[in-house]
Structure formats: C-alpha cells, structure tokens
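Excluded from the calculations below are hydrogen atoms, water molecules and symmetry mates; all remaining heavy atoms, backbone and side chain alike, are included. Owing to the predicted nature of the structure, the values given are computational and were not obtained by experimental measurement.
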Amino acid sequence: METMNEKVAMVTGAAAGIGLACAEAFAKAGATVVLVDINEPKEQAGKLVSEGYKAVSYRCDVSDTQAVEEIGRASCRERV
C-alpha cells in the first residue's frame, strides 16, 4: 500500500545496511527517496529507479552541515 505519495524521504547512510533498507521501504511506500551517503549511493538509487520508484543519490558527509543544506536545496530545485 502506498502511503507516502507526494512525500520526499531523505535517507542518510543509504548506500548499504539499515539505511538502504529504509530507503527501499520508503520508495515502496510511494515516497521519492533521496539517498545520501559518504559512499556514492548512485547504484542503489539506479536500482530503485529501474524498479519503477523515484530516487536520486548524493555523495555527502553528513557532518558537513553546508553540504546537507545544499542537498536539500538541490532536491527542491530538481523537484525530485
């Protein structure tokens, strides 16, 4: 059941493990998912997109506040 239609979920640590599992769950619930990780999660986002979900990826160290803010701005500009 899709319950997060028209919502955007930004998931940190999304390249593997619990973060990736959360990103997949949000996508399956209908959210557009922004996958963020210090290790580029491009492949993981691509897999979600190939399965018909909405997802984008960003490489980012979340301890860098400016970088996280820029991802937020970029996501809004791109209307992910």
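Inter-residue side-chain proximity for T32 and K7 is flagged as unmet; no heavy-atom pair is nearer than 4.5 Å. Contact annotation: the side chain of N39 never approaches that of R59 to less than 4.5 Å [non-hydrogen atoms, C-beta and beyond]. Put simply, the side chain of T12 does not reach to within 4.5 Å of the side chain of D37, judged on heavy atoms.
Taken together through direct or relayed side-chain contacts under 4.5 Å among Ile, Leu, Val, Met, Phe, Trp and Tyr, I38 and V34 form parts of separate hydrophobic clusters. Neither Y58 nor V49 shares a network with the other; the hydrophobic side chains, linked directly or stepwise wherever heavy atoms of I, L, V, M, F, W or Y lie under 4.5 Å apart, form separate groups for each. Cluster membership for V56 and V68, using ILVMFWY side-chain heavy atoms within less than 4.5 angstrom, is shared. Placement of M4 and L20 within a single hydrophobic cluster is found when ILVMFWY residues are connected by side-chain heavy-atom separations under 4.5 Å, directly or transitively.
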Please evaluate residues F26 and V11 with respect to the criterion side-chain contact (heavy atoms from CB on, under 4.5 Å), reporting the C-alpha separation (whole Å), side-chain torsions for both, the decisive distance (0.1 Å), and the verdict. CA-CA 9 Å; F26 284 129; V11 181; 3.7 Å; yes

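Other residues, nucleotides and ligands contribute more than 12 heavy atoms inside 6.0 Å of the CD atom of E69.
The CD atom of E43 sits 12.0 Å away from atom CG of L35, with the distance rounded to the nearest 0.5 Å. Between atom CG of residue L48 and atom NZ of residue K28 there is a gap of 8.0 Å, rounded to the nearest 0.5 Å.
Side-chain atoms of S57 and E40 form a donor-acceptor pair, as typed in the model, at a separation below 3.5 Å.
Using a cutoff of 4.0 Å between basic side-chain nitrogens and carboxylate oxygens, E51 and K47 are scored as salt-bridged.
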